[in-house]
Amino acid sequence: MRAQLDFLLNEALSAVTAGAGSFEPGDLDPQIERTRDARHGDFTSNVALRLAKKLGAKPRDLAGQIIAALPESPLVDSTEVAGAGFINIRVVPAAYQQELRIILESGPSYGCSEIGADQRIIVEYVSANPTGPLHVGHGRHAAFGATLANLLRATGHEVHEEYYVNDAGRQMDILATSVWLRYAELLEKGLPFPSNCYQGDYVIDIAARIRREHGDAFDGDTNALAAVLADTDTEPEQRLDRIVTEIKAILGERNFAIVFDAALASVLDDIKADLAEFGVAPQNWYSERSLVDRGAIAHAFELLESSNMLYAKDGATWFRSSALGDEKDRVVVRENGVTTYFASDIAYHNEKRERGFTRLLDVLGADHHGYVARVRAGLEAMGSPQDLLEVRLVQFVTLYRGNQKMQMSTRSGEYVTLRALRDEVGNDAARFFYVSRSNDQHLDFDLELAKSHSNDNPVYYLQYAHARVASVLKRMSEEGIPGPDPQMAELSRLVEPEEHALMVALSRYPEQVALAATNRAPQQVAHYLRDTAAAFHGCYNAHRVLVDDTALRDARIVLALATQQVIRNGLTLLGVSAPESM
RNA sequence: GCGCCCGUAGCUCAGCUGGAUAGAGCGUCGGCCUCCGGAGCCGAAGGCCAGAGGUUCGAAUCCUCUCGGGCGCGCCA
């Protein structure tokens with residue numbers, strides 16, 4: 001509906017501004033907005049106000065000219081110049097009635113558009129290190145990323161979702177080390193378990209399975225290791241590196257790899273299952289090790305080398321990122337010859353680029369914001385346009401149990417897992433709750449509140465609206481009332497204010513989806529659905545659907561069906577179920 | 001110290017890239033089913049949009065500064 005008015009207004013604008021060279025219609029989107037106040041009509045545009053100065057005209061005069069140039073349309077009821085120079089448009093009631101038919105004809109695809117048709121976009125999100133189960137913070141990333149992907153897909157983008165698996169590096173060595181130390185406990189080797197190893201019970205489970213499958217095959221001489229463990233003078237992180245080294249020596253490369261791979265597979269399988277149950281299923285799980293094995297890092301280095309962006313200093317290799325907007329240059333190969341995490345990431349992003357995506361969208365934790373400039377610099381150095389990489393930061397989730405703030409740390413094992421949260425509050429409530437707040441807003445997640453299956457959970461309100469329609473339909477079939485044909489129904493019978501308000505709300509859905517996708521703002525869909533459900537409940541309470549007047553009844557059933565369709569489409573975008581009954 | 005995010009009703013948050021009288025939920029107070037599901041509806045109270053300047057026809061929104069909160073600033077990931 002808005003798209004049609006947009007078109008009309010553009011026609012009028014180009015007629016009015018035909019002689020004025022500097023004007024470009026594209027600058028002005030969105031030109032048409034919904035009015036907030038019904039007295040201003042249905043739609044309004046401020047173009048006359050915005051163009052007045054540029055064209056050297058008075059806003060109200062200009063508005064009048066634009067209105068005069070507006071092509072005839074069966075959609076438009078009346079137009080007026082209001083206030084300082086607003087163009088207010090009232091559409092005919094039949095337009096809203098026709099929209100109901102369009103909703104029912106389009107079904108699940110109502111609200112979809114092609115505004116992103118020429119875009120191939122890769123959305124990378126969560127990408128948590130596979131060193132333990134996902135926690136509630138990751139849940140927010142998962143819900144946000146998946147919903148964003150849904151929104152982009154609904155607006156015609158070609159979308160590829162990906163999870164980058166950090167299956168190489170120090171943290172993974174520490175996980176393997178933690179597992180082996182638990183294994184050693186099972187063998188009663190009498191070794192202490194350092195506090196900066198991974199504390200979670202899943203580590204013990206993995207160790208137990210290794211014990212079952214391999215017996216004491218990974219036993220060995222632990223004297224040197226015991227000495228390192230007992231050395232409390234060394235700085236803890238440094239000591240941990242030495243512990244890793246000792247355990248690698250005890251096991252040998254081959255056996256350490258077995259423990260390492262068992263730990264990785266176990267944790268990753270858990271993450272995959274967890275996300276799948278949460279309705280989150282990336283098309284690809286991209287292994288950092290595969291990147292290294294394939295020579296992608298070497299390839300990226302060649303590209304950087306050829307543009308003279310690498311240099312040697314202090315025995316390390318540096319990337320000249322400061323030349324491209326970063327605060328300082330960054331090390332890509334350490335003094336000890338090992339490449340940094342940044343080297344992998346630069347190679348990974350280059351690889352995304354080479355796969356031909358027109359946009360790389362990274363969903364990252366707010367603690368990674370310092371990282372953005374250097375990745376962008378890397379891409380630019382390898383020949384990308386500046387806007388290829390788009391980063392959306394997700395602020396932290398602070399978990400409360402009642403008034404008690406909870407400290408979370410993966411290493412210490414003191415955190416609430418996503419799975420535990422889902423078990424307690426349900427997938428629907430969790431998905432909805434996560435995306436109903438802007439991603440750049442901190443989220444206070446009160447477990448006690450979320451756990452309580454009480455009425456203050458907003459997701460139930462939406463689902464209830466959907467179920468209520470289902471209930472009416474059930475009642476209808478029980479009483480042998482035939483379902484109406486939307487094309488034949490006399491929708492002009494829908495004249496009550498509540499019905500009109502509901503129809504207006506429904507007609508807004510396509511533009512809300514487009515807006516939310518453009519703004520990368522899933523919470524706008526959540527809020528829209530809340531408003532729409534409220535309009536429905538208000539209408540439902542004021543006017544009975546299954547009345548004796550057949551024509552009126554049919555019209556109201558069409559309205560109810562359209563409402564159900566829009567709410568179902570919206571909930572689906574958010575990854576929330578639309579139940580027939582509660 | 002420097003950088004990024006944020007500050008809107010008692011609480012939790014929206015606010016459509018600068019529009020007309022700033023909106024919801026929860027909480028508080030008062031009403032509504034002999035009627036399709038009361039997980040609902042209707043109404044009331046509640047605001048110096050942290051503060052101060054600036055930009056312009058017009059600012060919660062853009063710019064600068066101050067105050068307050070969060071997060072970064074490794075040859076960690």
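Since the model is a prediction, treat every value here as computed from it, not as a measurement.
A cation-pi contact, defined as under 6.0 Å to the ring centre and within 45° of the axis, is absent between Arg508(A) and Tyr528(A).
Using a 4.0 Å heavy-atom criterion, one finds that Asp241(A) contacts no nucleic acid atom at all.
Ring-to-base geometry does not place Tyr464(A) in a stacked arrangement with G37(B) (centre distance under 5.5 Å, plane angle under 30° required). Remark: ring of His527(A) does not overlap the six-membered base ring of A24(B) in a stacked fashion, as centroids less than 5.5 Å apart with planes less than 30° apart are not both met.
Scanning atom types as modelled, no donor and acceptor separated by under 3.5 angstrom connect the side chain of Asp531(A) and the base of A14(B). Thr44(A) contributes a side-chain N or O that forms a donor-acceptor pair with the base of A20(B) under 3.5 Å.
Here Arg330(A) does not reach the OP1 or OP2 of C76(B): none of its side-chain N or O atoms lies under 4.0 Å away. Checking the phosphate oxygens (OP1, OP2) of G70(B), no side-chain nitrogen or oxygen of Gln395(A) falls inside 4.0 Å. Under 4.0 angstrom from either OP1 or OP2 of A20(B) there lies at least one side-chain N or O belonging to Arg36(A). Between Lys328(A) and the phosphate of C2(B), there is no side-chain N or O to OP1/OP2 separation shorter than 4.0 Å.
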Detail all sub-3.5 Å separations between protein N/O atoms and N/O atoms belonging to nucleotides 8-10 of chain B.
none

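The aromatic rings of His138(A) and His141(A) sit perpendicular to each other, their planes meeting at more than 60°, with 30° as the lower class boundary.
With respect to the salt-bridge test (charged N to carboxylate O, under 4.0 angstrom), the residues Asp173(A) and Lys248(A) qualify. A salt bridge between Asp241(A) and Arg170(A) is present, with a side-chain N of the basic residue lying under 4.0 Å from a carboxylate O of the acidic one.
The side-chain hydrogen bond (donor to acceptor under 3.5 Å, both in side chains) test applied to Arg376(A) returns no partner, not counting sequence neighbours.
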